[in-house]
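What follows is a short report on a single structure.
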Amino acid sequence: MPEASDKPGESAAAGQNVPRSASNAEDRTGQRDNAERLRAIVDTAVDGIITIDSAGIVETMNPAAERLFGYSAGEVIGQNISMLMPSPYREEHNGYLKHYLSSGIRKIIGIGREVVGQRKDGSMFPMELSVSEMLLGERRMFTGIVRDISERRAAEEKLRRLAALLDDSSDAIKVLDLEGNIREWNPGAERMYGYSAAQALKMNVRELLPADRQSEILDAIARHRRGERLVPHETQRVTRDGRLVDVLCTMTILEARPGSDAAVVITDRNITERKRSEAALRDSEARGRAIVETAVDGIITISADGIIESVNSAAERTFGYEAKQMVGQNVKMLMPEPFASEHDGYLRRYGLTGIKKIIGVGREVVGKRQDGTTFPMELSISEVKVGERRMFTGIVRDISERKRIEHDLVTYARTVEFNNSVLKENQATVEAAAEAKSTFLAHMSHEIRTPMTAILGFAELLLREKESEQSPEWRRSTLASIIHNGEHLLALINDILDLSKIEAGKMTVEERPTEVAELVRDVAHMMQVRADAKKIALRIEAETALPDRVLSDPTRLRQILINIVGNAIKFTNRGGVRIVCRHLPDAAVLQFDVIDTGRGLTQEQAAKLFQPFTQADSSTTREYGGSGLGLAISRRLAGLLGGEVTLESAKLNHGSTFRVSINAKLAAGATIVPDPFNAERVRTSGQARPETPSSDAFETKPLAGLKVLLAEDGADNQRLLSHILRRSGANVSIASNGRAAVSAAEEAVAQSRSFDVILMDMQMPIMDGYEATGALRRAGYRGPIVALTAHAMAGEQERCLAVGCTSYLTKPISMDKLVKGVLDAMPRGGCPVMRLSR
């Protein structure tokens, strides 16, 4: 048997795993060494270890317990364990022991729980207590392992306070899995969407999305997986009562970590508090070998050379090795690099110098499992001397889950901070956008009402004044003014629609042979009327030789040049405007410099160019009018043509130079012309002459003999369009809605007098033009149906053609375009013979 311990009951406990039947000196020596090793482990353990008998009397108390409770072992041994407990636990303890011994019903023995301890100075502290029961011969004893968890409780309290802050947030925060199933839902989300947390956790995020945004969240996750950065964006959500809510949505992807799946955090001006708690279960530890083997934490003893001498079951589970695979090996096998290579050197330095870096204290380190994976762990190392031998005991705890929680919490806190900063930045943007919107509406109101005033005013004069009081010249001038203002109003609307198409990505460009010199001449001739009206010069010239044909979109190029040249003429009151063309063959680029001698620009005014609905300043709008869209549209169109529009120079009162550059690959068979304009100079004087519709259609009767069905619900439009068609020679029938149009067409086919063309308004009562056209096509009607509609937004033409229209015309429409549209729709060889199905 081992020598008597200085502490009552200790030698018996320490020797519980030593064979009692030893009969020779060698066995007794082994038993003594084993007892010394176990006693050293107990005495040097970081956790407090106390043993009591079945009456609750303390028999042993290790140094860690002395430090924990503030008593010396001599003050506690022989006393009832209840002296270390505060009321009411102190009074209840003996009763619990008696009840257990008589009934066998356990409340704490064999498991771990959190309790409250009381120090010598009367202060109380939270602790983890694991109690193990053991039999030493006929004696029943209990071993308690205690650990001060004050710091952890403080950390948990800090987590709870931060969780409360998140819970009180007014933002709606939800956490999803990668399939969009809602995993977390905060009160802010309850208030915003009207669903309780219990309801929401059974939902998928798609139930909060409008019908046209069903794939929004999953698409964003997919973009993140492709490496794209997710940025806050404005979108809409649907509440429980069906209302649409505008939200600023911020998404954060939390990548998967060991033991957890990836998640998506969505903040609609808030972030969901993610409740978490750190549940720590501690298996009971027994005195001696029982203490080591039943410990929740891994316990490993190594020699002074770093060789593993013993491990407990918890260490096997933590590192994934069996005990026999670790015992006899260097402990660095449980460490990743570079720690593994440094470990032996640290032990040698400590042996020589006695300088401690980790021994006697706890710290966080990284461990390595058998499968090569690493994990964070808490490590406490104690130094043990068994006889002359120096040994070290390490207690390790896997803290992967706690680290994950801490990481997630930091991520959520950063997300909240980021969202707040984004919201502050966006507030200024929203305010600026609201001011810009108000300015634009006021501007557009002025621009629309000005030509409308002239149109309505002159029309009223024509209606009210007697014809005898109207000279032919005055009448013609008045009609020309109405047409001029109407065209101005239509140009304004077209500018807005063009910008809308570009921004919606619906604007398309062609690539076909384009005659460069001819296109520039057309623009110059078209703009000459405006130059003549201001008595300024308009010239075109070539700085280099030009190709006669390039591959581009002539319509869009013409639109760009008209906008730029029109602006130059508008802001030039003396001198003139030059269009200078050049070809850069190495870069396959055409450039057009539009140079004027007008009012020029300040630096501040130049900075505002190319912004939609913006002119140099408010006085420019008042003096010259315009929508402020021309330069913005021109720059975007140039971009579609592979080029750009830039301001090359501008000086106040000394004119400006704008440059249009486009990609211009040579067309097949193109040649280079040295002087394509032959020193041509366009007229520099003369008065502007308002253009009026041609009267040729009324005289030549191009629609003579054609039967036309006009489906139009507006009485004024019926009167105007039917008058033009009849004056052009057509026989016109009128239908006031889509259903009447279908009936008229069917009746005409039945009587073998089918209409040659149907002009179909697309917005009509009872049955609109889309339904009427579809009904006729399904019935087998094969005659031309021309859509004639005031809808001119992006995609409208495609919609009309999709339902069966032959072609597409927009209102308002000139007489010449209407007649041409009817003729273009006529099939070669005349209208087909038809028989409709019923």
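Put simply, the side chain of Glu511 never gets that close to the backbone of Leu551: no donor and acceptor are under 3.5 Å apart. With Arg777 contributing its side chain and Gly804 its backbone, the two residues share a donor-acceptor pair below 3.5 Å. In this structure a side-chain-to-backbone donor-acceptor pair under 3.5 Å is present from Arg726 to Val732. With Thr572 contributing its side chain and Ile569 its backbone, the two residues share no donor-acceptor pair below 3.5 Å. Asp596 places a side-chain N or O within donor-acceptor distance of the main-chain N or O of Ser656, the cut-off being under 3.5 Å. In this structure, Asp593 contributes its side chain and Ile595 its backbone to no donor-acceptor pair below 3.5 Å. Between the Gln214 side chain and the Arg206 main chain, a donor and an acceptor come within less than 3.5 Å of each other. Within the 3.5 Å criterion, the main-chain N or O of Val645 finds a donor-acceptor partner in the side chain of Arg635. Proximity of a side-chain donor or acceptor of Thr597 to a complementary backbone N or O of Gly576 within less than 3.5 Å is detected.
Side-chain contact between Ile562 and Met527 is present, with heavy atoms from C-beta onward closer than 4.5 Å. Using a 4.5 Å heavy-atom cutoff, the side chains of Cys581 and Val516 are not in contact. Side-chain contact between Ile540 and Arg521 is present, with at least one heavy-atom pair separated by less than 4.5 Å. In this structure, Asp522 and Glu518 have side chains that are in contact, with non-hydrogen atoms separated by less than 4.5 Å. Met826 places a side-chain heavy atom less than 4.5 Å from the side chain of Asp756. Taking 4.5 Å as the limit, every side-chain heavy atom of Ser733 sits out of range of all side-chain heavy atoms of Lys707. Contact of the Asn567 side chain with the Val594 side chain is not registered, since no non-hydrogen atoms from C-beta on lie closer than 4.5 Å. In this structure the side chain of Leu823 reaches within 4.5 angstrom of the side chain of Leu703, judged on heavy atoms.
Across Cys800 and Met762, no two heavy atoms sit closer than the pair SG-CG, 4.0 Å. Taking every heavy atom of both residues into account, Leu801 and Cys805 meet most closely at CD2-O, 3.4 Å. Nearest heavy atom pair, residue Gly738 against residue Ala772, reads O-CB, 3.7 Å. What you find for Leu647 and Phe658 is that their closest heavy atoms are CD1-CZ, 3.7 Å. The two residues Val749 and Ser754 have their closest heavy-atom pair at CG2-OG, 3.5 Å. Here the closest heavy-atom approach between residue Thr235 and residue Cys249 is recorded as CG2-CB, 3.9 Å.
The local environment of NZ in Lys820 is sparse, with at most 12 non-hydrogen atoms from other residues, nucleotides or ligands closer than 6.0 Å. A 6.0 Å sphere centred on CZ of Arg739 holds no more than 12 heavy atoms belonging to other residues, nucleotides or ligands. Heavy atoms of other residues, nucleotides or ligands lying less than 6.0 angstrom from CZ of Arg574 number 12 at most.
Put simply, CG on Leu725 and CG on Leu706 are 9.5 Å apart, with the number rounded to the nearest 0.5 Å. Distance CG/Asn731 to CG/Leu709: 12.5 Å, rounded to 0.5 Å. Atoms CG and CD1, on Leu561 and Ile579 in that order, are 7.0 Å from each other to the nearest 0.5 Å. Taken from CG in Leu776 to CD in Glu746, the straight-line distance is 6.5 Å, to the nearest 0.5 Å. Summarising the geometry, atom CD belonging to Gln718 is positioned 5.0 Å from atom CD1 belonging to Ile734; distances are rounded to the nearest 0.5 Å. Distance check, rounded to the nearest 0.5 Å: OG of Ser661 to CZ of Phe592 gives 9.0 Å.
Under the side-chain hydrogen bond (donor to acceptor under 3.5 Å, both in side chains) criterion, Glu771 pairs with no residue, sequence neighbours left out.
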Carefully, step by step, assess Thr773 and Tyr781 under the rule side-chain contact (heavy atoms from CB on, under 4.5 Å).
-> CA-CA 9 Å; Thr773 301; Tyr781 189 86; over 6 Å; no

Criterion side-chain contact (heavy atoms from CB on, under 4.5 Å) on Leu788 and Leu721, from CA distance to verdict | CA-CA 11 Å; Leu788 182 57; Leu721 297 175; 3.6 Å; yes

Candidate pair Lys534 and Asn573, rule side-chain contact (heavy atoms from CB on, under 4.5 Å), full reasoning = CA-CA 7 Å; Lys534 302 190 73 171; Asn573 293 322; 2.9 Å; yes

Given His723 and Arg727, is the side-chain contact (heavy atoms from CB on, under 4.5 Å) satisfied, shown in steps?
-> CA-CA 6 Å; His723 179 77; Arg727 289 292 300 274; 3.6 Å; yes

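Glu216 has a carboxylate O that lies under 4.0 Å from a charged side-chain N of Arg237, or vice versa, which qualifies the two as a salt bridge.
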